[in-house]
There are 2 protein chains.
Amino acid sequence: MKSYQVPVNILIADDHRLITDGISKILEEEKIIGKIHTANDGSEAVNIALAEDIDCVIMDINMPVMNGLEAVKRIKQEKPYVKIIAVSMHSDASVVNKMLKAGADGYINKDTGKTELLTALGKVMRGEKYISPEISNNLFVHLNDRNVQSTEGEKPLTPREIEIIRYIADGHTNQEIAQKLFLSVVTVDTHRKNILAKLQLKNSAALVKYAAEHKLL
Amino acid sequence: MKSYQVPVNILIADDHRLITDGISKILEEEKIIGKIHTANDGSEAVNIALAEDIDCVIMDINMPVMNGLEAVKRIKQEKPYVKIIAVSMHSDASVVNKMLKAGADGYINKDTGKTELLTALGKVMRGEKYISPEISNNLFVHLNDRNVQSTEGEKPLTPREIEIIRYIADGHTNQEIAQKLFLSVVTVDTHRKNILAKLQLKNSAALVKYAAEHKLL
DNA sequence: GGTAAAATACACAGAATAGTGTATTGTCCC
DNA sequence: GGGACAATACACTATTCTGTGTATTTTACC
């Protein structure tokens, strides 16, 4: 690992240019910063991170094309020594855990200022972990958890189930979904029921609200 | 109105500090910028805008305590000469129209870079309007519309209807809602049907998605 | 006092969903 | 090869929604 004393090359990944531009400007003032790259979606972030000489990635979680979680996994798979700080709008326990599980070294909230960003950057470059106090205090975060899901005692949704949820949210009936996915109506119905049972929800309306709150749509 | 040649005092309102910090840094490089203030919610933005000598407010739409729309209205009511640029994550036609109706002078998306921010700032300070090309091209925006609703040919939801929507999103059935609101089941059902008809939605699941997207929950 | 809109209420038929339970296949991993 | 899980499929009943109407009573505004 590079020492913190030599210039640190940074990749900023966020679909909102105003934010990448803003963070760039914040970082440019620091003497220890080397080259700054920016990416506007997860896929671009992975490409740049693998192709260029990057020391630390500041990664937004919600991005088009490929989300931050997936991007973190791929980067860490190829270049585990690259440090990654996840940045998000909300501090949802399950999201935080998933990001850490995926290999993120730090996790900060967008409502924390530049001072904290720099603190986080310093820590992760030294090989430490950094999590915003707001997040680690309020939420039950297990840094060493093997199984992310166990944290909340919830059974995870399967990919198929999430697919079904999206159709439900779009207002499709079981019949329509069955047609689109070449399934029998009863199968779709079973998925729907299993989903409601897993999430302990009463009906599809509540499910869509849950999905919206958990960024499943 | 002040000329664009003298220092322009800016207020940046956004609940995410990283963004206010970032925009500050972007603006600080410009010679024409005077004092920069920041606010982290709508209420704070209104207070600062009314108390300080502000020429232009860069206002995020989604903020806690008081949202951007309300803040724009209040500022324009007291100090109509203060220019306001709305900044948002998504480019939703109805939101854009509401902001313009409320008095915003510009509307840009967070995924547009600093160049566009500066262009917008220049334009609104000269008394012109500025709307991101992405937004004005893709969406049908009427700058001179009196009635915002008419833009999309949509009938507005009544307060009672919005109340019903919230209960639906929480997974309550017509019966339960009727009990809670001391109504007959058929009345709740009528409201539900009227809502679906107004919004041209097929079922409650789609309604909840709509509600989530339009920040009704 | 008239008009418009909102909130309330009902009928009736057909469609869709929720609750509970069972069962078969395939796949991945140890 | 056995265990766990995902995906598929079905039965049966009860409840809830959806679609298409109609109609009365407030409330708000001109």
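Lettering of chains follows the sequences in order, A, B, ..., and the numbering in each one begins at 1.
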Determine yes or no for a side-chain-to-main-chain donor-acceptor pair under 3.5 angstrom, with B/Asn9 supplying the side chain and B/Asp53 the backbone.
-> yes
Could you give all pairs that pass the ring-ring contact (aromatic ring centres under 6.0 Å, His included) test and reach residues 170-206 of chain A, with sequence neighbours left out?
-> A/Tyr167-A/His172
Partners passing salt bridge (charged side-chain N to carboxylate O under 4.0 Å, His left out) against A/Glu161 (at least two apart in sequence or in another chain) = A/Lys198
Under the side-chain hydrogen bond (donor to acceptor under 3.5 Å, both in side chains) test, which residues partner B/Ser184, sequence neighbours left out?
-> B/Thr187
Rounded to the nearest angstrom, tell me the gap between atom CG in A/Leu196 and atom C1' in D/dT15.
-> 14 Å
Hey, does the side chain of A/His191 come within less than 4.0 Å of D/dA7's phosphate (OP1/OP2), counting only N and O?
-> no
Whole-Å distance separating the CD1 atom of B/Ile162 from the P atom of C/dA6 = 11 Å
For atom NE2 of A/His172 and atom C1' of C/dT17, their distance in whole Å = 17 Å
Any A/Gln175 side-chain N or O less than 4.0 Å from OP1/OP2 of C/dA15 | no
Distance check: side-chain N/O of A/Asn174 vs OP1/OP2 of C/dA16, anything under 4.0 Å?
-> no
Is there a donor-acceptor pair under 3.5 Å between the side chain of B/Asp105 and the backbone N or O of B/Ile84?
-> yes
What residues form a side-chain contact (heavy atoms from CB on, under 4.5 Å) with A/Arg17, not counting sequence neighbours?
-> A/Thr20, A/Asn40
Angle by which the axis turns from one end of the helix from C/dG1-D/dC30 to C/dC30-D/dG1 to the other, five pairs per end, to 10 degrees | 60°
Using a 4.0 Å heavy-atom cut-off, write out nucleotides 25-30 of chain D from 5' to 3' as B (base contacted by protein), S (sugar-phosphate only) or - (no contact).
-> ------
For A/Asn47, the side-chain hydrogen bond (donor to acceptor under 3.5 Å, both in side chains) test, sequence neighbours excluded, returns none
Would you say B/Lys83 and B/Val57 make side-chain contact, with heavy atoms under 4.5 Å?
-> no
Check the distance between C/dT17's P and A/Asn203's CG and give it to me in whole angstrom.
-> 11 Å
In whole angstrom, give the distance that lies between atom CD of A/Glu161 and atom P of D/dC5.
-> 13 Å
Give the rounded distance in Å between these two atoms: CD of A/Gln200 and P of C/dA18.
-> 16 Å
Give each protein N/O atom lying under 3.5 Å from an N/O atom of nucleotides 9-12 of chain C, with the pair distance.
unit_1, atom_1, unit_2, atom_2, d
C/dA9, OP2, B/Ser184, N, 2.9
C/dA9, OP2, B/Thr187, OG1, 2.7
C/dA9, O5', B/Thr187, OG1, 3.1
C/dC10, OP2, B/Ser184, OG, 3.1
C/dC10, N4, B/Thr190, OG1, 3.1

Which residues share a salt bridge (charged side-chain N to carboxylate O under 4.0 Å, His left out) with A/Asp21, sequence neighbours left out = none
State which residues pass side-chain hydrogen bond (donor to acceptor under 3.5 Å, both in side chains) with B/Asn194; sequence neighbours excluded, sorted by chain then number.
-> none
Counterpart residues, salt bridge (charged side-chain N to carboxylate O under 4.0 Å, His left out), relative to A/Arg160 (two or more places apart) = A/Glu163
For the pair made of CD1 in A/Ile164 and P in D/dA6, what is the distance, rounded to whole Å?
-> 14 Å
Mind checking side-chain contact (heavy atoms from CB on, under 4.5 Å) for B/Lys79 and listing every partner two or more places apart, or none if nothing turns up?
-> B/Leu50, B/Tyr81, B/Val82
Which nucleotide in the list D/dT18, C/dA18, C/dA7 gets nearest to the side chain of B/Arg192?
-> D/dT18
Write down the distance between CD1 (B/Ile195) and P (D/dC17), rounded to a whole number of angstrom.
-> 13 Å
Taking for each residue the nucleotide of DNA chain C bearing the nearest heavy atom, is the 5' side occupied by B/Asn194 or by A/Thr173?
-> B/Asn194
